[in-house]
Amino acid sequence: MPEFRLYNSLTRQDEPFAPADGHTVRFYACGPTVYNPAHLGNFRTFLFEDLLRRVIRLRGWDVEQVMNLTDVDDKIIKRATEQGKTIREVTDPIVEIFHADREFLRVQRAEHYPRATDYIAEMITLVQRLEQKGVAYKADDNSVYFAIDKFPTYGTLSRLDTREIKSGARVSQDEYAKENAQDFALWKSAKAEDEACEAAWDSPWGRGRAGWHLECSAMAMAILGETIDLHAGGIDLMFPHHEDEIAQSEAATGKPFARCWCHGEFLLTDGTKMAKRVGNVATVADLRANKVSPAALRHFVFSTHYRKQLNLSGEALEASQEAVRRVGDFADRLERELAGTPELAQVAETLMVEATAALYDDLNAPRAMAALFDFISAANREFDRRGSDKGSLLRARDVFAQVNAVLDIIPERGLDDATLAAWVEEQLRLRADARGRRDFAAADEIRKAIEAKGIVIEDAAGATRWKVVR
RNA sequence: GGCGCCGUCGCCAAGUGGUAAGGCAGGAGACUGCAAAUCUCCCACCGUCGGUUCGAUUCCGACCGGCGCCUCCA
């Protein structure tokens with residue numbers, strides 16, 4: 001079995017990866033802040049994490065994955081205040097949308113989706129541990145901060161020299177309570193609006209709420225343990241979020257927080273980062289409105305390596321839509337065929353070897369997909385030769401299923417509409433009659449009528465097949 | 001100012017020190033009544049300029065162009 005390798009942001013190198021216990025990968029992925037439906041940029045990261053999860057399972061390991069839901073932060077409080085709601089009333093519907101979108105894009109369910117507000121006690125305990133270690137201090141504003149100069153290795157992940165953060169960087173001017181501009185909040189004292197929307201809790205430092213960075217450390221350690229195998233997220237989280245997670249966690253436990261860090265690159269639109277502030281976001285709702293299939297989006301995302309920026313365009317999406325159509329047609333054929341040639345088994349082995357080699361090589365999905373398309377061509381060729389080897393067919397099905405269990409890019413079938421189906425079958429009977437009479441004009445008329453309903457027909461040797469294409 | 005990434009066929013995109021995967025689009029055939037699907041064949045010398053090397057798209061340097069992080073952020 002080929003070695004499973006991942007690029008570790010911590011060492012900036014490809015490294016062999018295996019779970020510490022040799023069995024279960026303890027995996028933490030930073031999740032969404034639930035004040036707005038996640039956009040496709042967010043989902044690119046979740047798709048990359050889905051790929052990672054599925055490849056880990058292909059490799060034979062179990063996964064215990066945590067994805068947090070940040071359900072208390074400035075933006076949520078702002079929205080709650082504007083709408084006169086509690087933060088829970090703001091976040092609950094968004095959490096539902098997140099899961100619906102997630103399912104739509106076939107992102108597998110993680111084992112845990114902890115909400116930050118359900119782990120306040122763990123966060124308070126963590127802050128207390130940090131106070132005991134002397135790396136946290138309470139400021140005049142009743143907030144608690146982490147003193148980064150008490151944590152000498154601060155900056156290791158992002159390689160940002162704190163002394164160099166100057167000209168281009170904007171440092172918030174209003175947080176004067178901090179001893180050092182780089183210190184970050186562990187616990188924020190409550191303001192009136194926080195109380196109004198139920199975003200404040202009791203603590204040893206008075207009413208307040210946990211800082212954003214703290215939740216990930218607290219929940220990761222509470223659910224997965226003090227040293228986890230894998231921590232993933234978008235590249236933008238590397239600094240300061242992940243840097244701060246490392247500082248908090250390791251200062252408290254004295255142990256490494258995550259053995260391997262993985263960061264996914266951005267999705268761009270029109271050449272710039274997809275972000276609400278830029279106003280170029282696209283969502284799963286847009287995808288649905290434009291009838292882009294989830295399989296096509298997955299193909300599109302996986303056609304570029306996860307550590308490379310990817311530009312979203314209608315053209316690229318259409319190419320993926322078409323590519324995935326081919327995969328779907330082949331999947332149908334694989335089901336339909338009764339046997340293959342002996343060579344088909346060999347072709348399947350090649351796919352298995354090449355796809356796993358690519359996937360285990362730092363999740364090289366583009367290469368795995370190339371292997372898949374090579375396989376589809378070769379297998380089609382073998383089927384055209386009309387063999388009678390049952391075993392090779394079964395092997396081809398098995399390997400195709402294994403690769404697709406990772407990529408999951410077979411487009412969904414058209415909606416089951418019994419009335420429409422009956423109508424199509426009736427039309428096809430009429431058409432068959434017309435063709436039998438060699439009345440091709442009439443046959444073509446019928447085909448046109450069927451195609452007008454978004455259905456394409458294929459005259460095969462025995463019968464005529466049809467499928468919904470839109 | 002600091003840190004980092006990228007520039008490969010019309011579009012998307014892998015990859016390697018010894019003359020470039022795959023997808024989409026396109027062209028020519030086969031099959032078909034015609035289509036559709038499928039098959040066959042065709043379709044790039046890797047941003048520019050230097051350097052290292054027997055040999056570089058692949059290493060080094062400079063330059064040009066694009067993007068990101070350093071602030072909430074997937």
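The chains referred to below are lettered A, B, ... by the order of the sequence lines, with proteins before strands, and numbering in each begins at 1. The shown structure was predicted, so the numbers you read here are calculated from the model rather than taken from an experiment.
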Whole-Å distance between rC69(B) C1' and Asp236(A) CG? 8 Å

Under a 3.5 Å cutoff, is there a donor and acceptor pairing between the side chains of Asn36(A) and Arg79(A)? yes

For Lys191(A), is the NZ atom crowded, meaning more than 12 foreign heavy atoms sit under 6.0 Å from it? no

Base, sugar-phosphate or nothing for Arg437(A)? Non-hydrogen atoms, less than 4.0 Å. nothing

Can a side-chain donor-acceptor contact be found between Ser189(A) and Asp141(A) if the only test is distance below 3.5 angstrom? no

Distance in angstrom units between Leu69(A) CG and rA74(B) P, rounded: 12 Å

What is the base-pairing partner of rC59(B), counting Watson-Crick and G-U wobble geometry with both distances under 3.5 Å? rG51(B)

Write out a two-atom table: protein N or O, nucleotide N or O from nucleotides 40-46 of chain B, distance below 3.5 Å.
unit_1: rU40(B); atom_1: OP1; unit_2: Arg381(A); atom_2: NE; d: 2.4
unit_1: rU40(B); atom_1: OP1; unit_2: Arg381(A); atom_2: NH2; d: 3.0

Exactly one candidate in Glu215(A), Glu49(A), Glu245(A) meets side-chain contact (heavy atoms from CB on, under 4.5 Å) with Cys30(A); the answer is Glu245(A)

Just compare rA74(B), rC72(B), rC67(B) and give me whichever is closest to any side-chain atom of His39(A). rA74(B)

Which value, in whole Å, describes the distance between the P atoms of nucleotides rC34(B) and rC24(B)? 25 Å

Ranking rG23(B), rC6(B), rG68(B) by distance to the side chain of Phe266(A), first place goes to rG68(B)

Check the distance between rU71(B)'s P and Met238(A)'s CE and give it to me in whole angstrom. 15 Å

Taking for each residue the nucleotide of RNA chain B with the nearest heavy atom, is it Leu268(A) or Arg367(A) whose nucleotide lies nearer the 5' end? Arg367(A)

rG1(B) versus rU8(B) - spacing of their P atoms, nearest Å: 27 Å

Pairwise C1' distance, rG51(B) and rC69(B) [rounded to whole Å]: 32 Å

Distance check, C1' atoms only: rU48(B) and rC12(B), in whole angstrom units. 24 Å

Going by atom types only, do Glu354(A) and Thr350(A) share a side-chain donor-acceptor pair under 3.5 Å? no

Output the rounded distance in Å from CZ (Phe302(A)) to C1' (rA14(B)). 16 Å

Rounded to whole angstrom units, what separation is found between the CD1 atom of Ile235(A) and the P atom of rA74(B)? 14 Å

Can you tell me if CD on Glu96(A) sees more than 12 non-hydrogen neighbours from other groups inside 6.0 Å? no

Say we look at rA36(B) and rC60(B): how far apart would their P atoms be, to the nearest angstrom? 49 Å

Watson-Crick or G-U wobble partner for rA36(B), using a 3.5 Å limit on both distances? none

Any side-chain heavy atom of Arg109(A) within less than 4.5 Å of one from Arg102(A)? yes

Thr81(A) versus Glu193(A), side-chain donor and acceptor atoms under 3.5 Å: no

For Arg12(A), does the CZ atom have more than 12 heavy-atom neighbours from other residues, nucleotides or ligands under 6.0 Å away? yes

For nucleotides rG23(B) and rA56(B), find the distance between their P atoms and express it as a whole number of Å. 31 Å

Atom-to-atom span, CD of Glu265(A) to P of rA13(B) - whole angstrom: 13 Å

Taking only side-chain N and O atoms of Lys308(A), does any of them lie within less than 4.0 angstrom of OP1 or OP2 on rA14(B)? yes

Given rG4(B), is OP1 or OP2 found less than 4.0 Å from the side-chain N or O atoms of Ser9(A)? no

So, is Asn380(A) near the phosphate of rU38(B), with a side-chain N or O under 4.0 Å from OP1 or OP2? no

Which part of the nucleic acid does Gly271(A) contact within heavy-atom distance under 4.0 Å: base, sugar-phosphate only, or nothing? sugar-phosphate

Could you tell me whether the side chains of Glu64(A) and His112(A) share a donor-acceptor contact shorter than 3.5 Å? yes

Could you tell me how far apart Phe375(A) (CZ) and rC39(B) (P) are, to the nearest whole angstrom? 12 Å

Please work out if Met274(A) contacts a base, only the sugar-phosphate, or nothing of the nucleic acid, heavy-atom cut-off 4.0 Å. base

Taking the same atom, P, in rC31(B) and in rG26(B), what whole-Å distance lies between them? 22 Å

Going by atom types alone, do His242(A) and His213(A) pair a side-chain donor with an acceptor below 3.5 Å? no

With a 4.0 Å cut-off on heavy atoms, is Lys75(A) in touch with a base, just the backbone sugar-phosphate, or nothing at all? base

Strictly by ring pair (Phe, Tyr, Trp, His ring centres under 6.0 Å), give each pair with a member in residues 435-470 of chain A just once, sequence neighbours left out. none

Which nucleotide, if any, forms a Watson-Crick or G-U wobble pair with rC43(B), using both distances under 3.5 Å? none

For a quick check of understanding: with a heavy-atom distance under 4.0 Å over all strands, which category does Leu267(A) fall into, base, sugar-phosphate or nothing? base

Under 4.0 Å, counting only non-hydrogen atoms across every strand here, what does Ser313(A) touch: a base, just sugar-phosphate, or nothing? nothing

Suppose you measure atom P in rC59(B) against the same atom in rC6(B); what distance do you get, rounded to whole Å? 10 Å

Report the distance from atom CZ of Arg159(A) to atom C1' of rG4(B), rounded to the nearest whole Å. 11 Å

Of the nucleotides rC72(B), rG68(B), rC39(B), which one has an atom closest to the side chain of Asp384(A)? rC39(B)

With a 4.0 Å cut-off on heavy atoms, is Asp374(A) in touch with a base, just the backbone sugar-phosphate, or nothing at all? sugar-phosphate

Is any side-chain nitrogen or oxygen of Asn364(A) closer than 4.0 Å to OP1 or OP2 of rG15(B)? yes

Are Asp408(A) and Arg54(A) close enough for a salt bridge, meaning some N to O gap below 4.0 Å? yes

Sugar-phosphate or base contact per nucleotide [nucleotides 24-37 of chain B; S, B, -; heavy atom under 4.0 Å]: SS-------BBBBS

If pairing requires Watson-Crick or G-U wobble contacts with both distances under 3.5 Å, which nucleotide is the partner of rC5(B)? rG66(B)

